[in-house]
Amino acid sequence: MSLIEVKHLRKEFPNSTPLKDVNASIERGEVISIIGPSGTGKSTFLRCLNRLETPTSGEIWVDGVNMCDPATDLSRMRRKMGMVFQSFNLFGHKLVAENVMMAPMDLLGMGKQEAYEEALRLLDRVGLKKQALRLPSELSGGQRQRVAIARALAMHPEVILFDEPTSALDPSMVSEVLSVMKELASEGLTMLVVTHEMRFARDVSTRVFYMDQGEVYEAGPPEQIFEHPERQRTHDFIFRVRSWTWTIDSLDFDYPQMMGSLSDFCARQFLGRSALNSTQLVIEELVEQVIVPAARATGIDNPNIELLLRSGEEGRDIELHVDYREFLGAIDGKYPILDDPDDMTRKIITGYADIKEGAEPGLITLHLKNH
Ligand SMILES: Nc1ncnc2c1ncn2[C@@H]1O[C@H](COP(=O)(O)OP(=O)(O)O)[C@@H](O)[C@H]1O
Ligand SMILES: [Mg+2]
């Protein structure tokens with residue numbers, strides 16, 4: 001029998017019905033990444049599984065026990081299901097080790113010394129043995145989230161439910177948390193992970209659930225979901241998350257905000273530092289040296305220039321599409337962008353990317369060179 005069996009799960013709230021008909025069976029040792037647009041009920045699904053929410057109808061079976069039967073001992077069942085949230089919820093006035101010791105002492109009646117030794121072992125597993133006697137406030141966000149993982153492991157759960165465990169973290173701390181999760185996955189822990197980290201979903205999961213329209217809209221191995229999605233909405237979503245778009249709709253647009261959003265995208269897609277650097281450099285040159293001066297020279301406030309960055313596997317084949325057709329339309333003609341071979345900006349950009357003029361004036365594609 002599967003570890004988790006969900007049949008026709010429905011959850012209605014007064015103003016919305018995020019889950020209409022969710023069906024899933026999850027085997028022991030599986031790592032399921034749950035992806036999908038926000039508001040599609042991913043959190044609600046996890047919360048129904050351990051009965052933090054009461055389903056409107058349907059069935060949930062965990063380890064052969066009916067989670068919707070009023071006779072079921074929910075607190076006993078919840079001990080089998082660890083939960084790691086976006087916000088770590090550690091007790092700030094307790095030491096790191098104490099945070100990990102609490103549940104085994106309170107719920108399993110474990111003695112203090114034994115709980116302490118166990119906590120040290122678990123903290124070692126998440127790389128934080130040295131921080132055992134510190135307060136959570138002395139730790140970084142990534143470290144705190146690793147403590148939260150050790151705390152979940154302390155109950156020896158059958159499965160851990162992760163709800164966007166890296167979303168609240170500074171991008172520089174995401175990978176330390178993901179690498180701990182990857183380690184747990186390789187040790188055979190059953191995990192359900194709601195995540196936006198597509199590289200993690202692709203590399204670590206046994207299966208990916210794409211949630212949309214109140215159901216598990218498409219489920220399959222990562223190759224299917226990321227390379228050959230079978231249904232339209234999955235396809236559109238995957239294309240969207242793999243792309244970064246920005247519209248320059250004013251001459252005094254927020255430049256740092258654009259660059260920040262670009263670097264978040266690169267971190268999320270796990271583009272390496274050199275890919276990020278050359279992408280930034282190309283965009284910087286193009287925007288600052290070409291696009292903005294051109295718009296300024298022609299007196300157009302809203303050049304309406306669209307940038308679209310797409311990356312393929314492993315951050316290879318990075319393409320930047322620049323669409324300035326509206327701008328050309330506004331000045332009624334062809335404005336020379338990057339077509340003078342002696343132009344310094346063109347030379348700088350071609351050091352990092354091959355420039356391909358598009359099918360029509362106002363469209364160019366830059367292929368970033370391998371890094
Ligand atoms: N406790 C609640 N009360 C009322 N509506 C809720 C509650 N929790 C979630 N919702 C609604 O359910 C929908 C799905 O939410 P959620 O499960 O958080 O989506 P996701 O995690 O995919 O972003 C949203 O429209 C949200 O407003
Ligand atoms: Mg959510």
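Remember, it's 1-based here, ligands and their atoms both numbered in the order they're listed.
- Here Arg121 does not pair with Glu114 in a salt bridge; the nearest charged N to carboxylate O distance is not below 4.0 Å.
- Residue contact check: Thr40 has heavy atoms under 4.0 Å from atoms 19 (O), 20 (P), 22 (O) of ligand 1.
- Contacts of Ser43 with ligand 1, taken as heavy-atom pairs under 4.0 Å, involve both backbone and side chain.
- The aromatic rings of Phe237 and Tyr210 sit tilted relative to each other, their planes meeting at an angle between 30° and 60°.
- Scanning all protein heavy atoms for the shortest distance to atom 20 (P) of ligand 1 gives Gly39 N, 3.4 Å.
- For ligand 1, the atoms sitting less than 4.0 Å from at least one non-hydrogen atom of Ser16 are 11 (C), 12 (O), 25 (O), numbered in the order shown with element in parentheses.
- Judged purely by distance below 3.5 Å, without hydrogens or angles, the side chains of Ser2 and Glu5 pair a donor atom with an acceptor atom.
- Nearest to atom 19 (O) of ligand 1 among the protein's heavy atoms is Gly41 N, 3.1 Å.
- For atom 16 (P) of ligand 1, the nearest non-hydrogen atom of the protein is Thr44 OG1, 3.6 Å.
- Under 2.8 Å from the Mg ion (ligand 2) lies no N/O/S atom of Thr44, from backbone or side chain alike.
- Scanning the protein heavy atoms around atom 2 (C) of ligand 1, the nearest turns out to be Phe13 CE2, 3.3 Å.
- Taking the six-membered ring where the residue is Trp, His93 and Phe91 present perpendicular rings, their angle passing 60° and hence far from 30°.
- The distance from the CH2 atom of Trp246 to the CE atom of Met259 is 10.5 Å, given to the nearest 0.5 Å.
- Stacking of Lys112 on the aromatic ring of Tyr116 is not recorded, the 6.0 Å distance cut-off and the 45° axial limit not both being met.
- In this model, no donor atom of one side chain and acceptor atom of the other lie less than 3.5 Å apart for Asn277 and Thr279.
- The shortest N/O to N/O separation between Lys42 and ligand 1 falls below 3.5 Å.
- The shortest contact between atom 13 (C) of ligand 1 and any protein heavy atom is with Pro18 CB, 3.7 Å.
- For atom 27 (O) of ligand 1, the protein comes within 4.0 Å by no heavy atom at all.
- In the vicinity of Ser38, heavy-atom distances shorter than 4.0 Å reach the ligand 1 atoms 23 (O).
- Looking at His235 and Glu218, their side chains never bring a donor and an acceptor atom within 3.5 Å of each other.
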